[in-house]
Number of protein chains: 2
Amino acid sequence: MYKQIDTYVNKCVSLTKEELEYFHSLLQYKKVKKKSFLLRAGEKCDFEAYIITGCVRVYYIDENGFEVNLLFAVEDWWVSDLASFSQQQSARLFIETLEDCELLFIDYKSKEALFKKVPKFERLFRLMIQKAYETMVDRLISNISKSAPRRYQEFIKKYPTIPQRVPQHLIAAYLGVSPEFLSKIRTRLSKA
Amino acid sequence: MYKQIDTYVNKCVSLTKEELEYFHSLLQYKKVKKKSFLLRAGEKCDFEAYIITGCVRVYYIDENGFEVNLLFAVEDWWVSDLASFSQQQSARLFIETLEDCELLFIDYKSKEALFKKVPKFERLFRLMIQKAYETMVDRLISNISKSAPRRYQEFIKKYPTIPQRVPQHLIAAYLGVSPEFLSKIRTRLSKA
DNA sequence: CTCATTTCTTAATCTGGTTCAATGCTTTTA
DNA sequence: TAAAAGCATTGAACCAGATTAAGAAATGAG
């Protein structure tokens, strides 16, 4: 059950058996059915969740009622509304399972306790968020300076497994185009 | 000279006099003239720089040769190409002063030494990047789901001092619109 | 197996924003 | 203090992508 997350953690920091066991003791295991919400905007987000199996999307509903997908997360990723989690304020994001999932949750208090007891985890989470930040920068650049067909091609190159697991209109809502246009892009590309 | 950065640091973590002095010993003070490059794409970025006074822009040149501004940084901000800095690889970003600046630099080795000797700084930098991440998420959402006039209005609301310090076409390249269109937006808004 | 729902496609029309080109206005620089 | 360079504005033509509408295909629940 913890084998996968241990491998993940081990890539960044090296831990003793005791530290690892303490870490495990703070995690809560849950199975969650497809199409469930881990979080809705307005609630307080008191978790970061590590995905053992399954697929999840994190999205935002804009002022016109459109969904914007921020992230498709699969095995070995973390999901949360970090702004809500870390400042203990109400969430702006929705987190919804797209498949049946197995997850490990850690709550705010436990995370702080973990940092206090094993400061190496502070480093782990710093590196995690640093990577997320860089991904976000790439995506902003991509959105500002590349055409939709380009963005789609880069998406399937970067996340080749996602299109098989996630409906196309959700990918459109990730790329920031209408589902109709994504459909056009695909037929265009398949002809060329 | 260190008063400002100490105030900054103190907002997140509390340090003893010795820790603070050690921190200072790792910083390098520099004055830099307007229109200088702190970093060019292709170089290795071996610094994070804290701005005491002045204004800096961080930008990217896309495949069509267009500049995309990622950040205008002023007093009390940090700038770096984090991907380059933390993975010691060559930079994709340019960092250019827009005004004469006073800066404090820290290099990679010093930062790692600092983390080792005073782990509290790991927390500080985690919180810093977490904030930068959230800002980036906001900007992506904004870019995907809001019109250019909207984005401009939010920009001047969020950074009211920037338009007085930075030429308009650079703001256009931050918002992701052409300078001509930003000009049109402005005349439209001033009439309404 | 069947009806309902969700998903995907195609086509016509419309619009926000780009591109190109011309003009006047400020800053630099020599 | 002039000449040059950079900056902002305006208008016309154009295009990427949105919107609307309708039907086809796939998936799922009873």
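Just so it is clear, the values below take in all heavy atoms, side chains as well, and ignore hydrogens, waters and symmetry mates. The chains referred to below are lettered A, B, ... by the order of the sequence lines, with proteins before strands, and numbering in each begins at 1.
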Whole angstrom value for the distance that separates P of dT27(D) from CZ of Arg165(A):
17 Å
Look at atom CZ of Phe37(B) and say whether more than 12 heavy atoms of other residues, nucleotides or ligands are closer to it than 6.0 Å.
yes
Can you tell me the distance, in whole Å, between the CD1 atom of Ile144(B) and the C1' atom of dA18(D)?
15 Å
Result for salt bridge (charged side-chain N to carboxylate O under 4.0 Å, His left out) between Glu99(A) and one of Arg57(A), Arg165(A), Lys34(A) points to Arg165(A)
Scanning both residues in full, the closest heavy-atom pair of Cys55(B) with Val74(B) reads SG-CG1, 3.9 Å
Euclidean distance, atom NE2 of residue His169(A) to atom C1' of dA26(D) [Å, nearest integer]
14 Å
Between Asn64(B) (CG) and dA16(D) (P), how many Å, whole number?
13 Å
For nucleotides 14-30 of chain C, give me one character per nucleotide, 5' to 3': B if any protein heavy atom sits under 4.0 Å from the base, S if the only such contacts are to the sugar-phosphate, - if neither.
---BBBB-------S--
Separation of atom CD1 in Ile171(B) from atom P in dC7(D), rounded to whole Å
12 Å
Lys35(A) NZ to dT5(C) P, in whole Å, measures 12 Å
Of Trp77(A), Trp78(A), Phe105(A), the residue whose pairing with Tyr50(A) passes side chain to side chain contact (heavy atoms under 4.5 Å, CB included):
Trp78(A)
Aromatic ring centroids of Tyr174(A) and Phe155(A) under 6.0 Å?
yes
Can you find a pair of side-chain heavy atoms, one from Cys12(A) and one from Arg123(A), that are under 4.5 Å apart?
no
Between Gln168(A) and dT6(C), does any side-chain N or O lie under 4.0 Å from OP1 or OP2?
no
